[in-house]
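One structure below.
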Protein chains: 2
Amino acid sequence: MKKEIDNKLNLKNIKPTAMRQLVLQVLTEQKTAISLPELEQKFEKADKATLYRTLKTFQENKLIHSIEDGSGSLRYALCQDNCECDPEDLHVHFLCTNCNQTFCLKDIPVPTINLPSSFSLESVNMVVKGVCSNCKK
Amino acid sequence: MKKEIDNKLNLKNIKPTAMRQLVLQVLTEQKTAISLPELEQKFEKADKATLYRTLKTFQENKLIHSIEDGSGSLRYALCQDNCECDPEDLHVHFLCTNCNQTFCLKDIPVPTINLPSSFSLESVNMVVKGVCSNCKK
DNA sequence: AATAACTTTGCAACCCGGTTGCATGAACTT
DNA sequence: AAGTTCATGCAACCGGGTTGCAAAGTTATT
Ligand SMILES: [Mn+2]
Ligand SMILES: [Mn+2]
Ligand SMILES: [Zn+2]
Ligand SMILES: [Zn+2]
């Protein structure tokens with residue numbers, strides 16, 4: 001639904017250009033997190049730099065979050081509705097070592113840990129690796 | 001101490017070549033985890049590929065562990081004495097957003113999390129970002 | 001409606017971490 | 001001594017990410 005897409009963009013103060021609509025469409029349909037190279041492949045003919053900057057804009061405006069899953073490329077997924085990407089908003093991610101897909105475990109918050117008081121905390125990246133439900137057959 | 005270095009290598013069934021002794025020496029002196037490019041800089045003249053393969057050998061033999069800290073390059077640090085790099089051996093890592101150094105928080109084990117039963121667990125990478133004690137001045 | 005100012009896009013080039021093929025050299029075996 | 005195995009050095013490559021710059025598109029101003 002075109003209207004939905006535009007609403008989402010407007011809500012985050014992102015001008016709804018054609019490119020951005022298309023990218024958000026793809027992100028919305030995705031069940032797993034997607035990387036820049038993977039996103040590139042979803043289009044017949046699209047420029048990597050434009051997609052790169054689109055993702056960057058989306059992330060700066062907290063429409064998506066990025067995941068350092070150790071797969072070799074950063075992956076991205078839509079944020080929850082009220083996400084501010086603060087430590088308490090974060091969830092655990094899961095990388096399947098068989099199909100190489102990354103899942104947002106949205107209902108598993110990142111556990112709080114007690115840092116030595118001399119360290120201050122800004123964010124946490126927690127990635128669990130193993131075999132996903134699809135691959136466990 | 002040369003003897004110590006060789007002992008460590010022998011214990012892990014790694015033939016103590018000159019290159020390996022030197023690399024282990026550096027790793028032992030390090031207080032923070034080190035990346036391949038950083039390791040390269042520690043030597044006047046050393047081949048990246050050799051260092052790369054040295055680190056790979058060390059990791060395969062569980063002398064070191066690698067950390068995906070999202071800094072752009074993998075980082076490596078010595079394992080604890082009896083480490084098998086199993087999930088229960090893992091600890092949390094900390095990346096300082098100011099000095100870009102990665103610390104092993106050896107005494108903070110990675111919290112266990114309850115995955116959906118359809119997922120199986122192999123390993124966990126947990127990286128906390130913030131400002132380290134040195135940088136907080 | 002025409003102009004100016006700003007934003008987005010496309011293309012090309014680049015950087016850098018990681019990885020591999022291959023030839024040489026060292027160590028160990030027979 | 002000759003053969004085998006393993007380690008090293010060099011060069012080249014790959015892929016993800018990033019940037020400069022000019023063209024195209026948008027929005028604001030006269
Ligand atoms: Mn997520
Ligand atoms: Mn560590
Ligand atoms: Zn899978
Ligand atoms: Zn620091």
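Reminder, nothing fancy here: chain letters follow the sequence lines and each chain counts from 1.
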Out of the candidates A:Glu38, A:Gln30, A:His65, only one should pair with A:Arg75 under the side chain to side chain donor-acceptor pair (under 3.5 Å) rule; please name it.
A:Glu38
Whole-Å distance between [N] [atom2] and [X] [atom1]?
X: B:Ile14; N: D:dC6; atom1: CD1; atom2: P; value: 15 Å
X: A:Glu60; N: D:dT18; atom1: CD; atom2: P; value: 11 Å
X: A:Gln21; N: D:dG25; atom1: CD; atom2: C1'; value: 14 Å
X: B:Phe43; N: D:dT8; atom1: CZ; atom2: P; value: 11 Å
X: B:Glu40; N: D:dT8; atom1: CD; atom2: C1'; value: 14 Å
X: A:Asp47; N: C:dG10; atom1: CG; atom2: P; value: 6 Å
X: A:Glu38; N: D:dG16; atom1: CD; atom2: P; value: 9 Å
X: B:Glu68; N: D:dG16; atom1: CD; atom2: C1'; value: 15 Å

Going 5' to 3' along nucleotides 15-30 of chain C, which nucleotides have protein heavy atoms under 4.0 Å from the base (write B), which only from the sugar-phosphate (write S), and which from neither (write -)?
--SBBBB---------
May I ask you to test the A:Lys42-A:Glu40 pair for a side-chain heavy-atom distance under 4.5 Å?
no
With a 4.5 Å cut-off on side-chain heavy atoms, are B:Leu9 and B:Lys15 touching?
no
With ring centroids as reference points, do A:Phe58 and A:Tyr76 lie under 6.0 angstrom apart?
no
Tell me who clusters with B:Ile67, hydrophobic residues only, linked when side chains sit under 4.5 Å apart either directly or through other members.
B:Leu95, B:Val127
Do any side-chain atoms of residues 78-86 of chain B form donor-acceptor pairs under 3.5 angstrom with protein atoms, and if so which ones, sequence neighbours left out?
none

Please work out if A:Thr17 contacts a base, only the sugar-phosphate, or nothing of the nucleic acid, heavy-atom cut-off 4.0 Å.
sugar-phosphate
